[in-house]
**Q** 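Before anything else, here's the structure in question.
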Number of protein chains: 2
Amino acid sequence: MKSNPQKVFQQYLESKGLKLTRQRTQILELLLEAQTHVTPEQIYRALGAKDASLGRATVFRTLHLLEEAGFVSKIHFPDGTSGYEHKFSRPHHDHMICVDCRDVIEFSNATIERLQERLSREFEFTPLWHRHEIFGRCKKCSLQKTAL
Amino acid sequence: MKSNPQKVFQQYLESKGLKLTRQRTQILELLLEAQTHVTPEQIYRALGAKDASLGRATVFRTLHLLEEAGFVSKIHFPDGTSGYEHKFSRPHHDHMICVDCRDVIEFSNATIERLQERLSREFEFTPLWHRHEIFGRCKKCSLQKTAL
DNA sequence: ATCGTTGCAAACGGTTTGCAATTCG
DNA sequence: CGAATTGCAAACCGTTTGCAACGAT
């Protein structure tokens, strides 16, 4: 992706005849600062707290917008809820998710990516994106578990 | 997994002090017959139709039970809803999901599986299960799309 | 001024829970 | 018989939507 995220976002909006509002700027800013995954509710609380009003609906609407624009990606937690992370200058990666503490470890593996491409071709499937999530326990939690 | 699913289920229930009821039998039966993924709602409708009453709640409760027992696995559709498939004598596999027609293609690749194990070890992560879903368009739908 | 955007609150859809009636073992 | 299970309807919770007020260009 390009250098200045806010700039890129603005250009994107412009090209679609959409407007850059305070809320949109703030939400993207928060996403950029938080280097981990953030839930819609966290965004709502964080921004509603510091600054003036921000509706939950706006959070979801903006997140959709950003996702569609390809600026953020969504991850699904085991309980069905979701989190978002920005994609500016972050290479593609997948996740290991701790079922106990919800901690997320990022990983990426070129061989796996390549195999996916090949498999898709085999099935004459046109891949758009994928989700590769390994659920289990992080080091800390698995130690805690065996200690019991 | 073992030979007779219903038997295995019964044994599982017994070992936990639980009971084998008409509803539980029917739901497992339906899952075994349907070789694809089935949604809770589909189960509710199919069984509520042919036989007498069956509550939605029971469907969910039974599905949880079966999942916890390791007899079925859940898959998440792009829209957030879920489907279930039984695991009796079906080898592990992952999914390619068509974003247009929701069709599901199953795939499995030993190399990918092995790499996952290795990566987990690297991060001192104890894997329990994983979800590897490739979203895109199946042959049919991608042809339709380019035809426009 | 003009459209897009916002906040609110009500609607939604899938999933869950409390409870009295029922069923399995 | 007694504990587990069921169906029902209400509760839930994350997400979406309709709408009148608001704000960016």
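Chain letters run A, B, ... following the sequence lines, proteins first, then strands; residues in each count from 1. Small disclaimer: the values here were computed from a predicted structure and weren't measured.
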**Q** Please check the phosphate of C:dT6 (OP1 and OP2 only) for any side-chain N or O of A:R22 closer than 4.0 Å.
**A**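 For C:dT6, OP1/OP2 do not have a side-chain N/O of A:R22 under 4.0 Å.
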
**Q** Would you check if the distance from the ring center of B:H130 to the ring center of B:H92 is below 6.0 Å?
**A**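 B:H130 vs B:H92: aromatic centres under 6.0 Å.
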
**Q** Let me see the working for A:E133 and B:H76 under side chain to side chain donor-acceptor pair (under 3.5 Å), right down to the final yes or no.
**A** CA-CA 12 Å; A:E133 296 165 334; B:H76 295 255; over 6 Å; no

**Q** Please state how far atom CD in B:Q26 lies from atom P in D:dT5, giving the value in whole angstrom units.
**A**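 Roughly 16 Å, once rounded to whole Å.
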
**Q** Set out, line by line, the N/O atom pairs under 3.5 Å between protein and nucleotides 19-23 of chain D.
**A**
residue	atom	partner	partner atom	Å
D:dG23	N2	A:K19	NZ	2.7

**Q** When you measure from the side chain of A:H95 to the backbone of A:H93, do you find a donor-acceptor pair of N or O atoms at a distance under 3.5 Å?
**A**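 Answer holds: no.
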
**Q** Taking only residues at least two apart or on different chains, which pairs with a member in residues 56-65 of chain A satisfy salt bridge (charged side-chain N to carboxylate O under 4.0 Å, His left out)?
**A**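 For residues 56-65 of chain A, and leaving out neighbouring residues, the salt bridge (charged side-chain N to carboxylate O under 4.0 Å, His left out) pairs sorted by first residue read A:E41-A:R56.
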
**Q** In this structure, how many angstroms lie between the C1' atom of C:dG14 and the NE2 atom of A:H76, rounded?
**A**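 Rounded to whole Å, this separation is 15 Å.
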
**Q** In whole Å, what is the span from the CD atom of A:E14 to the P atom of C:dC3?
**A**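 In whole Å, C:dC3 P lies 18 Å from A:E14 CD.
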
**Q** Please report, rounded to the nearest Å, how far the P atom of D:dT5 is from the CG atom of B:L66.
**A**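 Atom-to-atom, B:L66 to D:dT5, this comes out as 12 Å.
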
**Q** Once you measure the plane-to-plane angle for B:H64 and B:F60, does it fall in the parallel (<30°), tilted (30-60°) or perpendicular (>60°) bin?
**A**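 Correct class here is tilted.
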
**Q** Both B:L20 and B:A57 contact DNA chain D. Taking the nearest nucleotide for each, which residue is further toward the 5' end?
**A**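 It is B:L20 whose nearest nucleotide is closer to the 5' end.
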
**Q** Scan for salt bridge (charged side-chain N to carboxylate O under 4.0 Å, His left out) pairs involving residues 112-126 of chain A, sequence neighbours excluded, and state none if there are none.
**A**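 Residue pairs with at least one partner in residues 112-126 of chain A: A:E124-B:K139.
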
**Q** Roughly how many Å is it from CG in A:L18 to C1' in D:dT25, rounded to a whole number?
**A**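 Checked: the CG to C1' distance equals 13 Å.
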
**Q** Please determine if a side-chain N or O atom of A:Q23 lies less than 4.0 Å away from the OP1 or OP2 oxygen of C:dG7.
**A**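 Answer is yes, contact under 4.0 Å.
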
**Q** Nearest whole Å is fine: how far is C:dT5 C1' from A:R24 CZ?
**A**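 The answer, rounded to whole Å, is 6 Å.
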
**Q** Give the B/S/- string for nucleotides 10-15 of chain D, one per nucleotide from 5' to 3', where a protein heavy atom under 4.0 Å of the base yields B, of only the sugar-phosphate yields S, and otherwise -.
**A** ----SS

**Q** Would you mind reading off the distance between A:L54 atom CG and C:dC8 atom P, rounded to a whole angstrom?
**A**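 Distance check: A:L54 CG to C:dC8 P gives 9 Å.
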
**Q** Taking the hydrophobic residues Ile, Leu, Val, Met, Phe, Trp and Tyr, and joining any pair whose side-chain heavy atoms are under 4.5 Å apart, which ones share a cluster with B:L119?
**A**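 Taking Ile, Leu, Val, Met, Phe, Trp and Tyr as members, B:L119 shares its hydrophobic cluster with A:M96, A:I105, A:F107, A:I112, A:L115, A:L119, A:F123, A:F125, A:I134, B:M96, B:I105, B:F107, B:I112, B:L115, B:F123, B:F125, B:I134.
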
**Q** What is the separation between atom CD on A:Q11 and atom P on D:dT25, rounded to the nearest whole Å?
**A**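 Rounding to the nearest Å, CD of A:Q11 and P of D:dT25 are 14 Å apart.
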
**Q** Let me have the donor-acceptor pairs involving side chains of residues 66-73 of chain B, under 3.5 Å, with sequence neighbours excluded, atom names and distances please.
**A**
none

**Q** Are A:T62 and A:T21 packed together at the side-chain level, in the sense that at least one heavy-atom pair is separated by less than 4.5 angstrom?
**A**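 No, their side chains stay 4.5 Å or more apart.
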
